[in-house]
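Just so it is clear, the model here is predicted, and its values are computed rather than measured. Residues: numbered from 1 along the sequence shown.
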Amino acid sequence: RKHCLWRSSNINDKKPPKAAWEMVCLPKKGGGLGVLNLKTQNEALLLKNLHKFFNRMDIPWVHLIWESYYSSGSLPSQQRTGSFWWHDNLKLLVSYKGMAMVNVFDGASCLFWEDLWCDRVLLHHMPELYSFARNTGISLKTAIDAQGPESLLHLPLSNIAYQQLLVVANCLSGLPVSTENDVWTYIWGSPFFSSSKAYIHLTGHRIIHPAFKWLWKSACQNKHKVFFWLLLKDRLSTRELLRRRNMFLPSYNCVCCNQN
């Protein structure tokens, strides 16, 4: 794909590309040409499997995964279990948790310490209390069903940990008692997963010059837009660029103004 973009009609042409492929694959709103990054697109599509899993949809493979690997109440974490296919899906667990938040009902699909619930991740916001945890991989449902949150900890606690425990106990008491499945929502404000929006999230956000927005809204031909995109990115083979690449020329002065 990279060579096809720059070689024109000559299939045997191997001239170097004008711009890095990572730059080309950025969205147009991010200063790129909008060419899909197939690796990132594949990850965005695979994230939908995690969406189906954590929302416990009524699909045979979802039931099979839950019953085979997580029937004891454990949840996916840094330690991966299961088939090779499921391992590949779990490699994207951090990316999925970075764009999703759980709306707690029964708490069976949410990690007590590591997931975002009650507007905070306990692992990061309460590290002192976390250091006393008996089991760092329990689900929120296990914490709700426990005989008080103190039963999940090694006692005695420090003063700071005790104050954090009171906050956690207050959060647990405010959770609704329900047997319905948890619902995971996403940073775009919807419980419905979108691969296109996940792709945009994975590519990240960049602050660019307004000229790029004007360029793509113009009525020029596409070849002209690409030319001016290369100009804005300083990727045209000007004498200054060739000088920076240590290419020898008789003169590096501009042919128009005769200045270096």
Side-chain angles (χ1 to χ4, degrees), residues 37-118 120-127 129-154 168 171-172 175 178-187 191-195 197-199 201-202:
N37 186 320
L38 295 183
K39 180 178 181 295
T40 306
Q41 176 70 2
N42 184 59
E43 291 177 354
L45 294 172
L46 287 176
L47 284 173
K48 193 164 188 176
N49 291 332
L50 294 179
H51 162 75
K52 295 175 181 178
F53 171 80
F54 281 103
N55 286 278
R56 288 181 286 176
M57 293 186 173
D58 189 15
I59 302 175
W61 72 262
V62 173
H63 295 304
L64 178 64
I65 294 292
W66 275 101
E67 294 171 2
S68 300
Y69 307 126
Y70 307 108
S71 58
S72 62
S74 61
L75 286 172
S77 60
Q78 299 299 328
Q79 296 181 351
R80 301 168 188 156
T81 59
S83 64
F84 292 108
W85 173 81
W86 186 237
H87 276 201
D88 288 338
N89 284 274
L90 292 182
K91 291 178 182 178
L92 303 173
L93 188 60
V94 174
S95 298
Y96 179 80
K97 296 292 181 71
M99 66 178 69
M101 183 183 72
V102 62
N103 293 327
V104 178
F105 285 92
D106 65 354
S109 65
C110 173
L111 287 170
F112 179 67
W113 294 105
E114 300 179 10
D115 282 341
L116 179 61
W117 65 278
C118 197
R120 58 174 62 91
V121 178
L122 299 185
L123 170 62
H124 303 308
H125 285 77
M126 301 183 180
L129 184 63
Y130 176 79
S131 65
F132 290 92
R134 292 179 180 271
N135 184 356
T136 59
I138 61 173
S139 66
L140 181 55
K141 178 177 175 58
T142 302
I144 295 173
D145 296 340
Q147 300 298 322
E150 64 277 0
S151 63
L152 306 173
L153 306 168
H154 293 287
V168 172
C171 291
L172 289 174
L175 293 177
S178 175
T179 58
E180 297 182 7
N181 294 340
D182 298 329
V183 176
W184 289 74
T185 57
Y186 302 96
I187 56 176
F192 301 104
F193 184 82
S194 170
S195 297
K197 293 178 180 178
Y199 177 87
H201 173 75
L202 292 175

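- Taking all atoms of both residues into account, the shortest heavy-atom contact from Ala198 to Phe193 is CB-CZ, 3.7 Å.
- Contact between Glu180 and Arg56 at its shortest, heavy atoms only, is O-NH2, 4.4 Å.
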Indicate every side-chain donor-acceptor pair of residues 91-103 with a distance under 3.5 Å to a residue at least two apart or in another chain.
from, atom 1, to, atom 2, distance (Å)
Lys91, NZ, Asp88, OD1, 3.4
Tyr96, OH, Tyr186, OH, 2.8
Lys97, NZ, Asp115, OD1, 2.7
Lys97, NZ, Asp115, OD2, 3.3

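- With contacts defined as side-chain heavy-atom distances shorter than 4.5 Å, the pair Pro191/Thr185 qualifies.
- Side-chain N or O atoms of His201 include none that pairs as donor or acceptor with a backbone N or O of Lys197 at under 3.5 Å.
- Taking the side-chain hydrogen bond (donor to acceptor under 3.5 Å, both in side chains) definition, one finds that Trp117 meets it with nothing, sequence neighbours left out.
- The heavy-atom pair separating Cys171 from Arg120 by the smallest distance is SG-NH1, 3.5 Å.
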Worksheet entry | Test log, rule side chain to side chain contact (heavy atoms under 4.5 Å, CB included), inputs Thr136 and Leu111 | CA-CA 9 Å; Thr136 59; Leu111 287 170; over 6 Å; no
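- Ring centroid separation for the pair Tyr70 and Phe53 comes in under the 6.0 Å cut-off.
- Sorted by first then second residue, the salt bridge (Lys or Arg N to Asp or Glu O under 4.0 Å) pairs that include residues 65-77, not counting sequence neighbours, number zero.
- Distance CG/Leu175 to CZ/Phe105: 11.0 Å, rounded to 0.5 Å.
- Going from atom OG of Ser109 over to atom CG of Asn55 covers 7.0 Å, rounded to the nearest 0.5 Å.
- Lys52 has its side chain within reach of Trp61: a pair of non-hydrogen atoms, C-beta onward, lies under 4.5 Å apart.
- Shown here are the salt bridge (Lys or Arg N to Asp or Glu O under 4.0 Å) partners of Asp182, two or more places apart in sequence or in another chain: there are none.
- The CG atom of Asn37 sits 10.0 Å away from the CG atom of Leu202 when rounded to the nearest 0.5 Å.
- Considering only heavy atoms from C-beta on, Val121 comes within 4.5 Å of Leu116 through its side chain.
- Ring geometry for Tyr130 against Trp113 counts as perpendicular: the plane angle is over 60°, on a 0 to 90° scale with 30° as the lower cut.
- Note: Ser195 OG to Leu46 CG = 9.5 Å, rounded to the nearest 0.5 Å.
- Within the structure, the side chain to side chain donor-acceptor pair (under 3.5 Å) test picks out the following pairs touching residues 38-50 (sequence neighbours left out): Lys39-Glu43, Asn49-Asn89.
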Show every donor-acceptor pair shorter than 3.5 Å between a side-chain atom in residues 141-153 and any protein atom, with sequence neighbours excluded, or say none if there are none.
from, atom 1, to, atom 2, distance (Å)
Thr142, OG1, Ser139, OG, 3.0
Ser151, OG, Gly148, O, 2.6

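- Side chains of Ser83 and Tyr69 form a contact here, defined as non-hydrogen atoms less than 4.5 Å apart.
- Using a 4.5 Å cut-off on side-chain heavy atoms (C-beta onward), Val168 and Phe112 make contact.
- To the nearest 0.5 Å, the span separating CD1 on Ile65 from OG on Ser71 amounts to 12.0 Å.
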